[in-house]
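Predicted, not measured: the structure shown is a model, and the values here were computed from it. Values below: every heavy atom of this structure, side chains too, minus hydrogens, waters and symmetry copies.
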2 protein chains.
Amino acid sequence: MNPIEPIELADFKVGVDNVIFSVDTQQNRLLVLLIKRLNYPFSSYWSLPGTLVRQGETLEKAAYRTLSELIRVNNLYLEQLYTFGGPNRDPRELPESFGVRYLSVSYFALVRYEEAELIQKQSNFPSWYMIEKIPQLAFDHNQILDYGYQRLKSKLKYSPIVFDVLPELFTLNDLYQFYTTILGENFSDYSNFRNKLLKLGFLFDTGVKVTKGAGRPASLYRFDAPSFAPLKDQPLLFI
Amino acid sequence: MNPIEPIELADFKVGVDNVIFSVDTQQNRLLVLLIKRLNYPFSSYWSLPGTLVRQGETLEKAAYRTLSELIRVNNLYLEQLYTFGGPNRDPRELPESFGVRYLSVSYFALVRYEEAELIQKQSNFPSWYMIEKIPQLAFDHNQILDYGYQRLKSKLKYSPIVFDVLPELFTLNDLYQFYTTILGENFSDYSNFRNKLLKLGFLFDTGVKVTKGAGRPASLYRFDAPSFAPLKDQPLLFI
DNA sequence: ACAAAAGTGTTACCGTTACACCCATGC
DNA sequence: GCATGGGTGTAACGGTAACACTTTTGT
């Protein structure tokens, strides 16, 4: 950045918009959290939850703040997505507003539906929408959401982000259901999925058994970060 | 973004910082373009080329503008990297400046060294630095550069970005050298690299031969985007 | 006993790896 | 002729995909 520039620089308000995914393994649904806009512009449209960044606040903190006002959750994964910053994204950018631009830094979050408790005190009707039934959203939020969905799917395949979202202890079936819900039934069969993951050597059987209705009890496993570390930079594929 | 907020919002200047890589296949070097800062802050430090975003200008346009003021090039690849936006990135953010923040949207660009003609009229000494010999840079630019380098290496493996940078027609050796320069000698042997790529079916032999000193003449190949299209979303690895 | 859930085993197939080898040109 | 760069072939190996099968529980 060169400090001496002509005077036609743009002034920005920076917002953070969040694509908050939740995985409902019970009903095999992938959900996105939307809120209803109450004000101009795009009043009464659904939109991604977001906020404008405050003084002294990092972008990530702003993303967390938005999230924590809507849901209460213990385990989550959060990652910056992309920055959408073209002019005319926002109708509030009037010519008479001295070139104020609205720039959106988008984040995507991943939580478990079972664990994510919606804080319903909000006046803007926060609601989970199935990914297949997203309505037309305010601003360029459909584009942001699509981008986030792509990123989620690819990231799941080569990064251990699941283990930030699942509880400490989980069964291999929990893990499999998680993947299935996001990637679809056909990504791998259970037996091969099991073998591949166990062979990688960062999942440890705690020996503790847990039973889920009828059927043989399942072992609870734990993700061991140190064992995963050496695989970090390799183009390892989980699927 | 909620339009009604308390008054402690941050005001931003948005800058674009570019990690411009060039690949010198002749000498097997990966280079980064740096400029010398002439003003406060970080005066006389080397830094990534960047600019502040102007009114009516998209982020990407701002990135192109910076690039085109420094080099003249035909084929290039450009992609948004990450947005660094924490407070206190920039010493110009004084408490008395009413909370003006400097936010940096970083881009990475990839060109061929042979083709990139440096515009030396610039007063800020634009220079190519070998990736292994980057000095301490201004701001958080070392961090940005590292991030860009990681992205470059991983992107190269699963995305056909090379073909945006190479000329229309190229030999398979050109292609191999390109990969070797960025990923190192050991990523694959030439014979296997050849077979793998040709089997994918998006490289076409034009039949035209080109000779390079002694040795058998090489065929010129062309990248066929339509043939690649179906492979677009698969987790295909080139290496 | 039987269904349900968890976990093991088997086999054909395909891609990767690490080479050795052949081809065409300049000097 | 021989060095140089370009291109082909092959055989061992290991991972993947699709499936059958066994084990352990609840009812």
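Both cation-pi conditions hold for B:Lys153 and B:Tyr149: the charged atom is under 6.0 angstrom from the six-membered ring centre and inside a 45 degree cone around its axis. Note that B:Arg151 lies outside the cation-pi zone of B:Phe108, set by a 6.0 Å cut-off to the ring centre and a 45° limit from the axis.
When rounded to the nearest whole Å, the span between CZ of B:Arg194 and P of C:dT17 equals 17 Å. Summarising the geometry, the separation between CG on B:Leu175 and P on D:dG7 is reported as 12 Å, rounded to the nearest angstrom. As a whole-Å value, the separation of B:Asp205 CG from D:dG7 C1' is 11 Å. Distance, B:Lys199 NZ to D:dT8 P: 13 Å, rounded to whole Å. To the nearest angstrom, P of C:dT16 lies 11 Å from CG of B:Leu197. Residue B:Phe193 contributes atom CZ, which lies 17 Å from atom C1' of D:dT8 at whole-angstrom precision. A straight line from CD of B:Gln177 to P of D:dG5 spans 10 Å, rounded to a whole angstrom. As rounded to whole Å, 14 Å separates atom C1' of D:dG14 from atom CG of A:Leu200.
Residue whose closest nucleotide on DNA chain D sits further toward the 5' end, between A:Asn195 and A:Pro217: A:Asn195.
With distances taken from any side-chain atom of B:Asn192 to the nucleotides C:dT17, D:dG7, D:dA17, the minimum falls on C:dT17. When the nucleotides D:dA17, C:dT8, D:dT25 are ranked by their closest atom to the side chain of A:Thr211, D:dT25 comes out on top.
Applying the side chain to side chain donor-acceptor pair (under 3.5 Å) test to A:Thr171 and every residue at least two apart in sequence or in another chain returns A:Asp174. Qualifying side-chain contact (heavy atoms from CB on, under 4.5 Å) partners for A:Ser68, counting only residues two or more places apart in sequence or in other chains: none. Contacts of B:Phe170 classified as ring-ring contact (aromatic ring centres under 6.0 Å, His included), with partners at least two apart in sequence or in another chain: B:Phe163. B:Phe204 pairs by the ring-ring contact (aromatic ring centres under 6.0 Å, His included) definition with nothing, not counting sequence neighbours. For B:Ser219, the side-chain contact (heavy atoms from CB on, under 4.5 Å) criterion is met by B:Asp205, B:Lys209, B:Tyr221, not counting sequence neighbours. Qualifying side chain to side chain donor-acceptor pair (under 3.5 Å) partners for B:Asp164, counting only residues two or more places apart in sequence or in other chains: none.
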Identify the pairs formed between an N or O of the protein and an N or O of nucleotides 3-5 of chain C at a distance under 3.5 Å, and give each distance.
from  : atom 1 : to       : atom 2 : distance (Å)
C:dA5 : N3     : A:Arg216 : N      : 3.2

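Taking 4.0 angstrom as the limit, A:Lys196 places a side-chain polar atom (N or O) nearer than this to OP1 or OP2 of D:dT16.
Looking at residues 180-191 of chain B, you'll see B:Asp189, B:Ser191 sit with a heavy atom under 4.0 Å from some atom of DNA chain C.
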Please list every donor-acceptor pair under 3.5 Å in which a side-chain atom of residues 128-140 of chain A meets a protein atom from a residue at least two apart or in another chain.
from     : atom 1 : to      : atom 2 : distance (Å)
A:Tyr129 : OH     : A:Trp46 : NE1    : 3.2
A:Asp140 : OD1    : A:Arg89 : NH2    : 2.7
A:Asp140 : OD2    : A:Arg89 : NE     : 2.8

